[in-house]
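Structure first, commentary second.
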Amino acid sequence: MQDLHHWIDGAKVTGTSGRFAEVYNPATGEVQARLPLASKDELDAAVARAAEAQKGWAATNPQRRARVMMRFGALINEHMDELAELVSREHGKTLPDGRGDVQRGLEVVEVCMGGPSLLKGEFTDDGGPGIDLYSMRQPLGVVAGITPFNFPAMIPLWKMAPALTCGNAMILKPSERCPSTSLRLAELLQEAGLPDGVLQVVNGDKEVVDAILDNETVQGVGFVGSTPIAQYIYGRAATNGKRAQCFGGAKNHMIVMPDADLDKAADALVGAGFGAAGERCMAISVAVPVGKETADRLRDKLVPRIEKLKVGPYTSGEDVDYGPVITKAAQERIERLVNSGVEAGATLVVDGRDFRLQGYEDGFFVGPSYFDDVTPDMEIYKEEIFGPVLSQVRADSYEAALNLIIDNPYGNGTAIYTADGDTARDFAHRVNVGMVGINFPIPVPLSYHTFGGWKKSAFGDLNQYGPDAFRFYTRTKTVTARWFSGIKEGGEFNFKQMD
Ligand code: NAD
């Protein structure tokens with residue numbers, strides 16, 4: 001079993017709290033590593049050192065900071081397979097999906113290579129007689145990133161790359177279930193030239209998160225995780241005067257219109273519903289076909305596709321569709337929710353319960369389940385299942401389907417499949433969800449746009465990555481300047497003689 005560490009001041013540091021978390025291999029159910037959980041004292045010391053290191057980093061000109069990102073990007077590419085393997089080993093997702101996790105984080109690093117252009121201020125010439133106004137963007141100081149288990153590379157990169165490019169120091173608190181990728185990324189950043197202390201990876205659980213939220217030096221908190229924790233962190237950070245953006249859970253719907261290409265819609269639903277075992281905040285967990293005929297036809301197309309999904313460990317090769325879920329507790333919770341759907345009267349068309357994989361009986365695998373006739377009052381509709389379970393809610397009309405989404409408390413992502421531009425345009429305009437796909441199932445925006453949900457999927461302001469991240473990780477200072485008449489109007493131009 002491996003002993004993991006923190007990353008403080010550019011070195012591996014053993015924890016001193018005496019508390020540890022177990023990191024599992026979800027495919028075998030075995031503990032593969034022991035992770036130290038930091039205490040408040042360890043966190044406070046790491047923050048104090050980061051605050052010292054941040055001064056020199058903020059004084060490093062933006063282009064030099066961006067060059068660190070250029071080297072970092074090159075190193076991520078060079079170590080792509082190693083990083084993907086680290087992701088898959090602790091998370092359980094397939095290797096191609098692990099590579100996708102790294103790739104979507106790398107794309108944010110790539111935008112940060114051009115970061116200086118996003119850090120430019122504004123200027124008003126002659127805002128009054130002889131008066132100029134200009135604004136500048138300055139780093140916040142020490143900021144924190146608190147990240148979930150489901151994207152062990154991508155989300156830490158979404159946090160660290162913009163925060164560091166803006167001249168901040170960062171305390172990164174990765175998920176205690178998948179910490180190794182963050183620790184390796186910190187090593188690569190050091191190799192890329194990041195000064196020691198500017199990125200501190202402090203591992204832990206609630207104790208260290210609360211210490212971050214109460215530490216007066218920490219100026220900003222970027223969180224990604226489940227909705228109850230996002231709301232809690234937002235409240236406590238705001239009470240303590242910190243800037244906070246906290247992204248939460250989701251329940252993402254896909255409307256399928258009668259004119260949609262149903263083969264394409266079914267393919268999209270299977271990928272978006274079951275990929276990464278449904279453990280994506282942008283997973284489609286609810287299909288909403290419009291009209292009985294569409295619903296019946298869609299069901300006929302979904303069943304064979306779902307039944308032939310291959311579930312297995314990432315080590316078994318590239319032909320596996322998805323791997324295990326993250327913990328035994330997650331496995332049991334998903335199975336309990338599937339039972340609750342059956343008890344509530346939904347039709348379990350494909351039953352993934354009692355799925356066991358030969359040779360991996362102790363792994364946290366869950367077979368794919370597909371429910372039809374789900375109604376909004378059922379627990380399987382209301383809860384974010386975060387597992388390989390697709391629910392079908394039948395709608396009589398486009399308006400009914402749209403209103404279902406509008407009334408849902410979450411607002412992360414959504415999609416519509418249709419051949420009609422007018423319907424698609426109306427949907428994009430009226431739906432109260434942050435990211436919308438048109439004939440596109442998982443509309444995670446590219447890295448030069450920004451990522452963020454609405455309603456209970458996000459608390460605070462500004463999105464992740466893209467221009468919004470550069471606003472979140474800097475504060476604006478605006479100068480109003482006037483210069484009184486000087487040497488050009490009657491000043492002494494000759495070399496003055498000494499009296
Ligand atoms: P989680 O909320 O359990 O944990 C997220 C982070 O919060 C971890 O670092 C964890 O250590 C910490 N944490 C957990 N409990 C805490 C507590 N009581 N007090 C303080 N800190 C605590 O989430 P998870 O299970 O790791 O991730 C899955 C969730 O994240 C899903 O709900 C998913 O939808 C969501 N998610 C959202 C987005 C988004 O951008 N909106 C992206 C990815 C995942």
Side-chain angles (χ1 to χ4, degrees), residues 7 69 72-73 76 83-84 86-88 90-93 97-112 143-165 168 170-186 188-189 199 201-204 209 212 220-227 229-230 233-234 244-250 252 275-283 326 384 386 412-413 434-435 442-447 449-453 457-460 462-466 468-469 472-473:
W7 178 264
M69 288 298 139
F72 186 38
I76 292 174
L83 289 165
L86 273 182
V87 167
S88 298
E90 290 181 348
H91 178 283
K93 62 179 74 176
D97 208 25
R99 269 194 289 277
D101 192 326
V102 181
Q103 176 63 31
R104 293 305 297 257
L106 170 61
E107 288 167 13
V108 171
V109 176
E110 287 167 351
V111 167
C112 290
V143 297
I146 302 165
T147 56
F149 79 82
N150 68 327
F151 282 99
M154 181 181 84
I155 296 181
L157 286 166
W158 287 5
K159 298 290 164 212
M160 64 171 88
L164 299 176
T165 305
N168 299 286
M170 171 164 266
I171 305 293
L172 178 66
K173 205 302 282 173
S175 168
E176 59 274 46
R177 313 210 185 288
C178 303
S180 293
T181 316
S182 289
L183 290 165
R184 185 71 185 114
L185 288 170
L188 295 181
L189 258 173
L199 176 72
V201 182
V202 183
N203 289 299
V209 171
I212 289 170
V221 177
F223 171 86
V224 182
S226 57
T227 287
I229 310 298
I233 288 180
Y234 179 65
Q245 52 171 203
C246 301
F247 298 92
N252 305 315
E279 291 177 323
R280 291 182 184 140
C281 68
M282 290 292 277
I326 189 68
E384 180 188 33
F386 224 54
N412 215 38
M435 291 169 282
I442 308 189
V444 174
L446 287 172
S447 52
H449 289 259
T450 71
F451 180 107
S457 296
F459 302 84
L462 297 172
N463 281 355
Q464 307 189 79
Y465 64 75
D468 266 17
F472 181 76
Y473 288 114

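- Between Pro152 and Arg177, the closest side-chain pair of non-hydrogen atoms is not below 4.5 Å.
- Legend: residues meeting side-chain contact (heavy atoms from CB on, under 4.5 Å) with Ala153, ordered by chain and number and at least two apart, are Val87, Asp101, Val102, Thr181.
- Judged as a salt bridge (Lys or Arg N to Asp or Glu O under 4.0 Å), and not counting sequence neighbours, the contacts of Arg184 are Glu82, Glu187.
- Taking all atoms of both residues into account, the shortest heavy-atom contact from Val444 to Arg104 is O-NH2, 3.0 Å.
- Met154 contributes atom CE, which lies 10.0 Å from atom NZ of Lys159 (distance to the nearest 0.5 angstrom).
- Residues passing the side-chain contact (heavy atoms from CB on, under 4.5 Å) test with Tyr234 are Ala244, Cys246, Phe459, sequence neighbours excluded.
- Under the rule for a ring-ring contact (aromatic ring centres under 6.0 Å, His included), the partners of Trp158 that lie at least two apart in sequence or sit in another chain are Phe451, Tyr465.
- By the 4.5 Å heavy-atom criterion applied to side chains, Val108 and Pro162 are counted as neighbours.
- Among all heavy-atom pairs drawn from Ser88 and Gly98, the shortest one is OG-CA, 4.1 Å.
- To the nearest 0.5 Å, atoms CD1 (Ile171) and CD1 (Ile212) are separated by 7.0 Å.
- With sequence neighbours excluded, the residues satisfying side-chain contact (heavy atoms from CB on, under 4.5 Å) with Val111 are Leu118, Ser447, Tyr448.
- With sequence neighbours left out, Glu384 forms a salt bridge (Lys or Arg N to Asp or Glu O under 4.0 Å) with no residue at all.
- Atom CD of residue Gln103 and atom CD1 of residue Ile76 lie 9.5 Å apart, to the nearest 0.5 angstrom.
- Of all the heavy atoms in Gly248 and Ala230, the pair that sits closest is CA-CB, 4.0 Å.
- One distance of note links CD1 of Ile442 with SG of Cys281; it measures 9.5 Å at 0.5 Å rounding.
- For Thr165, the side-chain contact (heavy atoms from CB on, under 4.5 Å) partners at least two apart in sequence or on another chain are Met69, Cys112, Phe470.
- In this structure, Glu110 has no side-chain hydrogen bond (donor to acceptor under 3.5 Å, both in side chains) partners at least two apart in sequence or on a different chain.
- Residues passing the side-chain hydrogen bond (donor to acceptor under 3.5 Å, both in side chains) test with Gln245, sequence neighbours excluded: none.
- The distance from the CG atom of Asn252 to the CZ atom of Arg280 is 11.5 Å, given to the nearest 0.5 Å.
- In plain terms, the two heavy atoms of Val221 and Phe472 that are nearest each other are O-CZ, 3.6 Å.
- Contact check for Leu189 versus Met160: side-chain heavy atoms found under the 4.5 Å cut-off.
- Paired with Trp7 under the rule side chain to side chain contact (heavy atoms under 4.5 Å, CB included), one option of Val201, Leu185, Asn203, Val202 passes, and it is Val201.
- Legend: residues meeting side-chain hydrogen bond (donor to acceptor under 3.5 Å, both in side chains) with Thr227, ordered by chain and number and at least two apart, are absent.
- Two residues are said to be in side-chain contact when any heavy atoms from C-beta on lie closer than 4.5 Å; Val209 and Phe223 fail this criterion.
- From Lys173, atom NZ reaches atom OG1 of Thr147 across 6.5 Å, with rounding to the nearest 0.5 Å.
- Shown here for Asp468 and Asn463, the closest heavy-atom pair between the two residues is OD2-N, 2.8 Å.
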I'd like to know whether Lys93 forms a side chain to side chain contact (heavy atoms under 4.5 Å, CB included) with Phe151, so could you lay out the CA-CA distance, the side-chain angles of the two residues, the decisive distance to 0.1 Å, and finally the verdict.
CA-CA 10 Å; Lys93 62 179 74 176; Phe151 282 99; 3.5 Å; yes
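- Contact record, Ser457 with Ala250: OG-CA, 4.1 Å, taken as the closest heavy-atom pair.
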